[in-house]
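Convention: sequence-line order gives letters A, B, ...; per-chain numbering from 1.
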Amino acid sequence: MSRRPQGLTAGLLIGPATLVVLGALVAPLVLLARYSLNRYDRTNFMVEALTPENYLRFLYDPFYTGVLWTTLWIALVTTTLCLVLGFPIAYRLARSQSRWKSAGVLLVILPLFIGSTVRALGWMGVLGRGGLLDSAAAAMNPGSSVALLYTPFAVVLGILSINLPYMVLTLQSVIEGIDARVEEAAESLGAEPSRRFLLVVLPLALPGLATGAVLVFILAMNAYATPLLLGGARFQMMAPMLFREYAVNNNWPFAAAIAFILMVTTLTLTAASSAFVQRRYKAA
Amino acid sequence: MTERPSGASRRQLLGLGAAAGLLPFMPHVARAQASGRVVVSTWGGDYAKLLGSNIDQPLLAPKNIEVTQDVGTEPARVAKLIAQRRLPRGNVDILCTQAPQAYDLNEAGLLEPLDESKVPNMRHLLPEMRNSYALPHIFSPQIIIYNTERVSAPPTTFSDLMSDRFKGKVGLLDNSFIYIVMAAALQKTGDAMNFDAAKPDLEKLVKDGNRTYTVTDAFAPALRSGEIDVGPVWQARTIFWRKAGVAVQSAFPKEGSIIYVSSMGVPKNAPNKAAAFAYLNAMLEPSAQRGFADSMGYLPTSSQATLEGEVAQRLALPERRPKLIAPDYAKLAAARDGLNDWWRRLLDGR
């Protein structure tokens, strides 16, 4: 029996996937990068050029950098909230022996069956004027009203509700991978629950926390429907701004530059946090 | 590769002969010019459906013109048209856009000139909207919508929106802010295109805590719930929302109403121009125009398309016919990018 060299087999196996990635991701990105250096012209649409002006326009204008900052802080706040709220749920689910466990997992997954636009519309019904909260407030204290729609709070709440399941599911599988006996050992040695958590569970779950955080951070940075519908016209985030430049103003070069700035910011922060966690993990 | 000899080869000639033999069995090829397929680039939703039920099926199907719709948002469809401008043969015969966009495309040299020899029904077009590059299909005047339950004295002019009684209760639609700027300019200076004069008023409106909505459909619930009481929108919206049971009415500002025009043009590289002209002619037929008035609340652009009965009542303009003002699209085009930028920053408030 003749044996094929191992390297060749591996190459054949990953070849198709590599081709797909090259064709469907890398090539369009290269094209987008090229577009971002073109010049916009209202009548001629896009004029061939090699100019950094789209990037400079963004970076030197406090209006645009302000939108980037808003996007960053919304993403960081929602990621932190996802971690804080997601961990206890994930822990409970992972350690549960109950026959209701799968029902619990299903409850976490179910919201993912509904698109983010529909969920944002749902929140509009809850937070809007005349909505559930507003009516409840008016019923309890006649004459009062709570205006929560079109505020950063509404956007954070909307993104949180969309991203939380991703965090819970990621953390749950990581926590399930941590041997429960390790915790029992810590307990038998007299560690309080808080020490057990801080010194045993948390360090072991750290890579999973990082993965989950990166996942929800990227989702939040790119959120479109939620900020548009819950934030309203006066609240600006990167994805709706990008879409407006691309699809409403037909300014493809500037939209491409915004896309790259958003992508580079997200990738840099993601890579930095991964590197940080890895160092900590090795040290631990 | 070898050079192809010019002129028809024997094989091509044989093919032509065979095709000629088939002609009697292919009525859509054999008949005179205006037949075959016409591709209409349009918005989706109600508008596309109404094109089908008022123009395509009743008026064009009998002429053996088969209509295919290319549905998408306006900017995406325009981008496609611009991208294929150098092709000798594009793939769109009719392009539906808002009037300002049609003006831009014509300036870029992309639209076929139109006249009555191509589209006979053009002679019935309302004079305010007539031009030779894109025909107005339907229109709607800008009015001030108000909630009839909470507003006892309807506003009569745009400057009423700045008064204390409506403070914080004015709704503005982000996607038509340019028309709001025009309304303010018209009231202030008598010239709708004097954008700079309108800016202070708009800045006051926005900073007074009035509401801005990104999607048109968020406007009606806000009017219903009391989040807002008034706002400048198209008359068609009042009619549409009244149908949906919202207690609203239109007030025509005494200084006049800017009009929104939805238009149709023929790209210079349209593959089937004869059918495209037939399509334009059909869309100006009174029956087709009435269909849109009835279902969407937009007014006909053809003087032949008179409305009757209940529809006429619903769409009636006030007794003293309001001044209808079509924007100066050249001035609008020149100012648009700057206005866009100013508006974004104003909303942002940074």
Is it the case that atom [atom1] in [X] sees more than 12 heavy atoms from other parts of the structure closer than 6.0 Å?
X	atom1	result
B/Arg336	CZ	yes
B/Lys167	NZ	no
A/Tyr64	OH	yes
B/Lys80	NZ	no

Exercise for the section: Specify which of B/Pro221, B/Ala76, B/Ala333 makes the most heavy-atom pairs with chain A at under 4.5 Å. Expected result: B/Ala333
Proximal component of [X], with respect to chain B [non-hydrogen, under 4.5 Å]:
X	answer
A/Asp134	neither
A/Asp61	side chain
A/Tyr150	side chain

Problem - Point-to-point distance, once rounded to the nearest 0.5 Å, from OG1 of B/Thr214 to CG of A/Leu230 - result: 9.5 Å
Problem - Point-to-point distance, once rounded to the nearest 0.5 Å, from CG of A/Leu149 to CD of B/Glu227 - result: 7.0 Å
Handout entry: Minimum heavy-atom distance between A/Asn250 and B/Ala79, given as atom pair plus value
Key = OD1-CB, 3.8 Å
Exercise for the section: Identify the two heavy atoms, one from A/Arg129 and one from B/Ser225, that lie closest to each other, and give their separation to 0.1 Å. Expected result: CG-OG, 3.3 Å
Side chain, backbone, both or neither of [X] within contact of chain A (heavy atoms, under 4.5 Å):
X	result
B/Ala222	neither
B/Asp337	side chain
B/Arg85	side chain
B/Asp217	neither
B/Thr212	both
B/Asn340	side chain

Exercise for the section: Tell me, out of A/Met124, A/Met46, A/Arg244, who's got the most heavy-atom pairs with chain B below 4.5 Å. Expected result: A/Arg244
Exercise for the section: Please check if the side chain of B/Asp174 supplies one atom and the backbone of A/Ala233 the other of a donor-acceptor pair under 3.5 Å. Expected result: no
Handout entry: Side-chain (A/Arg234) to main-chain (B/Val206) donor-acceptor, under 3.5 angstrom
Key = yes
Handout entry: Flag side-chain contact, heavy atom, 4.5 Å: A/Gln236 against B/Arg344
Key = yes
